[in-house]
Amino acid sequence: MLSNSDVAQKLLEIRTLMEMAGDSFYKYMAYEKAAASVENAPPLGDLVTAGEHLKLPGIGKSIGAVVEQLVRTGHCEPLDQLHERFPPSLLEVLGVSGIGTKTAAMLFSDYGIASLADLETAIASGTLAGVPRLGSKTIENWRRGILAYRGRQRRTPLPTALTIASEAMDYVRDGPPLERLLFAGSLRRCEVTVGDIDLVCTSPHAADVIAHFTAWQRAEAVLAEGPTKASIWLPGGLQIDLRVLPDHLYGNLLQHFTGSREHNIKLRELAVRSNLRVSENGILNLESGDVITCTEEAGVYAALGMQYIPPELRSGLDEIDLARAGAIPQLVELTDVRGDFHMHTVWSDGDDTLDAMIAAAAARGYEYHAISDHSQGRLRRFGVGADKLLEQRGLAQELGARHGIFTLCASEVDVLPDGSLDLPDDVLARLDVVVASVHTATRQSREEMTARLVRACENPYVTIVGHPTGRRFDASPGYEFDYDAVFAAAARTGTALEIDGQAARLDLPAPLARKAKTFGVTFALDSDAHRTRDLAAMEYAVGQARRAGLTKDDVLNAQPLEYVRAFVARKREAA
Ligand code: DGT
Ligand code: CA
Ligand code: CA
Ligand code: ZN
């Protein structure tokens with residue numbers, strides 16, 4: 001059955017298509033009012049059953065009948081009729097700024113443009129050039145509008161966005177003198193994908209900084225440009241917003257543009273109760289008229305009577321209450337990380353040699369790390385089987401000693417469909433650490449997958465379950481299983497769950513890690529690097545751990561090597 005907001009959406013669609021069809025203002029506005037009314041009504045299913053929906057404001061007999069049809073069947077006559085005239089894909093065209101219903105109707109009737117893709121093709125091929133009343137400037141604006149629309153539809157993975165943000169920041173720093181520059185928004189909060197990149201900057205030469213920014217060669221279009229802010233588009237549709245203010249406002253500016261929107265709304269609501277108005281321009285005392293400006297972000301939180309809240313926690317959930325109670329946890333930091341349990345070499349599917357990976361891990365300043373090439377598996381020709389693994393062990397220890405790091409001998413074993421592992425116990429027993437991951441038969445039923453992961457946790461040799469949900473941004477939402485059952489099993493058996501920092505994975509996702517923590521789970525933050533430079537993905541694992549509210553105590557590889565050894569031994573002895 002359609003929800004209230006689904007019904008409201010359909011009513012708005014009718015409204016728009018009616019306008020396109022040239023119906024009168026009063027006729028189509030009635031649908032807009034009805035949509036608003038439905039949105040604010042109690043659940044429509046109940047109302048319709050009782051015939052009460054006709055009592056809602058703005059819903060008379062005829063629209064009432066449409067609402068009833070929608071609720072009961074998901075369809076309705078007016079919309080079906082309108083769809084015979086205009087394809088649903090035409091609505092996308094209205095998402096382009098500068099194109100209204102009249103223009104969309106004209107583009108459809110005169111040029112057969114029925115979708116955004118059609119419009120893009122028509123612009124690119126010059127079909128629309130020379131059409132009366134469509135100047136080249138209008139068409140150029142549409143082209144930019146399409147870029148903007150596509151950008152809004154598409155979110156960029158955090159690692160990609162961080163790379164681009166740092167390139168943009170390097171470029172901005174190369175320009176007119178500035179004081180401070182940092183990325184804000186969802187990127188700073190370590191959200192796994194970002195809608196756009198927000199940069200905040202302080203400089204006495206705002207206009208010059210803006211002019212330099214919009215002149216960046218990599219910008220495909222300048223979307224907006226004002227004295228203190230600008231937005232540009234990069235090829236592929238990623239937007240970068242830049243805001244420049246004087247340095248004494250840096251704390252206010254950064255706080256405002258870091259968000260989240262929900263966090264800022266809650267903060268503002270709280271402030272209003274003390275007669276304070278919070279914005280990027282300072283905190284205004286509505287009684288005295290005084291403005292508190294903050295050179296540092298912590299000053300904003302202090303002025304509002306609370307503890308500093310790290311960006312990763314600014315989700316609008318419970319962080320403001322915690323901060324007021326002084327109960328914000330001391331989140332784990334990159335510098336707390338003493339090792340990395342998950343990395344591959346050319347022995348399996350990695351790109352770099354054992355020596356190069358060990359040297360690179362040592363260069364990161366780790367105390368220990370594990371080489372965890374894939375095991376042979378039934379399905380992997382490139383894996384490291386039992387014999388090769390024992391050969392690797394001696395070599396790895398030697399190389400580790402040479403590079404000044406403790407190299408643990410590990411394997412990333414496959415968890416087979418029945419939950420058993422693809423290396424025998426006597427081989428596992430000779431490893432320092434075992435990472436067990438699901439790589440095959442990922443479409444099992446929820447029950448089978450749950451049992452499979454629980455069984456993996458129950459295996460005394462499994463130290464860590466690798467990338468537990470299997471989600472990949474480029475490929476898969478991950479397999480389905482009963483999270484609670486697996487978290488409980490991990491906690492009960494002393495098995496760590498991984499937060500895999502690999503760009504495409506970020507798995508466990510932060511909301512699940514937050515939940516797992518409530519079960520008492522221990523976490524392993526890993527890079528899952530397949531080449532030396534990807535060891536830096538540890539940063540992303542830490543970011544997700546922070547979003548989950550994890551502290552150093554929750555993280556196995558934030559502990560000394562003896563602790564890790566004891567963690568492994570405890571589980572083996574318990575069996
Ligand atoms: P995104 O870009 O969709 O991944 O998410 P954000 O959080 O980066 O959102 P964005 O880029 O629209 O704005 C960045 C932050 O700036 C946002 O989290 C809060 C603040 N902000 C920007 N515009 C507004 C506004 O109109 N109202 C409020 N309350 N906050 C705003
Ligand atoms: Ca943003
Ligand atoms: Ca933005
Ligand atoms: Zn792996």
Side-chain angles (χ1 to χ4, degrees), residues 95 97 144-145 147-169 172 180-202 210 213-214 216 219-226 228-234 236-245 249-272 276-284 294 297 300-301 304 309-317 319-320 473 503 506 509-511 540 543-544 546-547:
S97 99
R144 291 183 196 186
L147 287 179
Y149 179 83
R150 293 239 188 267
R152 283 199 300 276
Q153 302 303 87
R154 191 178 140 272
R155 295 182 67 83
T156 304
L158 173 77
T160 313
L162 264 179
T163 306
I164 295 172
S166 86
E167 290 162 358
M169 286 163 69
V172 171
R180 288 182 280 183
L181 174 67
L182 191 62
F183 52 87
S186 49
L187 191 58
R188 184 160 179 250
R189 301 196 310 275
C190 285
E191 301 271 345
V192 294
T193 63
V194 307
D196 69 0
I197 294 172
D198 305 282
L199 300 181
V200 300
C201 173
T202 58
I210 296 286
F213 175 63
T214 55
W216 197 20
E220 186 163 281
V222 176
L223 209 65
E225 185 169 3
T228 64
K229 57 182 166 186
S231 300
I232 60 172
W233 281 94
L234 302 188
L238 181 62
Q239 179 176 335
I240 308 183
D241 294 342
L242 172 69
R243 186 71 186 266
V244 192
L245 285 179
L249 288 170
Y250 182 72
N252 305 91
L253 178 67
L254 186 57
Q255 195 289 320
H256 178 82
F257 285 104
T258 296
S260 66
R261 209 168 292 262
E262 296 74 17
H263 173 84
N264 284 357
I265 288 171
K266 285 196 170 167
L267 209 60
R268 249 178 285 136
E269 282 170 358
L270 184 78
V272 162
L276 298 171
R277 187 152 75 206
V278 184
S279 80
E280 69 269 44
N281 295 307
I283 302 174
L284 171 66
C294 307
E297 214 182 19
V300 176
Y301 291 96
L304 297 173
I309 303 177
E312 296 91 339
L313 290 182
R314 298 182 200 168
S315 57
L317 292 173
E319 71 276 8
I320 291 175
F473 294 113
L506 302 181
Y540 309 134
Q544 298 315 301
R546 290 171 62 85
R547 283 181 62 224

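When a residue number appears, it is its place in the shown sequence, counting from 1. Counting starts at 1 for both ligands and their atoms, in listed order.
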| remark: Heavy-atom proximity to atom 12 (O) of ligand 1, picking from Arg314, Arg261, Glu191, His263, points to Arg261
| remark: Ranking Arg188, Arg268, Gln239, His256 by closest non-hydrogen atom to atom 29 (N) of ligand 1, top hit is Arg268
| query | Looking at ligand 1, does Asn264 have a heavy atom less than 4.0 Å from it? | reply | yes
| task | Could you tell me whether some N/O pair between Arg189 and ligand 1 is separated by less than 3.5 angstrom? | result | yes
| Can you find an N/O atom of Gly195 closer than 3.5 Å to an N/O atom of ligand 1? | yes
Residue and atom name of the nearest protein heavy atom (relative to [atom]), distance in Å to one decimal:
atom	result
atom 3 (O) of ligand 1	Arg155 NH1, 3.2 Å
atom 6 (P) of ligand 1	Ser186 N, 3.8 Å
atom 2 (O) of ligand 1	Asp196 OD1, 3.0 Å
atom 18 (O) of ligand 1	Gly259 CA, 3.2 Å

| Do any N/O/S atoms of Asp196 come under 3.0 Å of the Ca ion (ligand 2)? | yes
| request: Would you confirm whether Asn252, through its side chain, and Val300, through its main-chain N or O, come within 3.5 Å as a donor-acceptor pair? | output: no
| Opening angle at the Ca ion (ligand 3) [OD2, Asp241; OD1, Asp198; to 10 degrees] | 90°
| Check ion pair Glu319-Arg189 (N to O, under 4.0 angstrom) | no
| said: Whether Arg188 and Glu297 form a salt bridge (side-chain N of Lys/Arg under 4.0 Å from carboxylate O of Asp/Glu) is what I want to check. | reply: yes
| What do you reckon, is CZ of Arg180 surrounded by more than 12 foreign heavy atoms closer than 6.0 Å? | yes
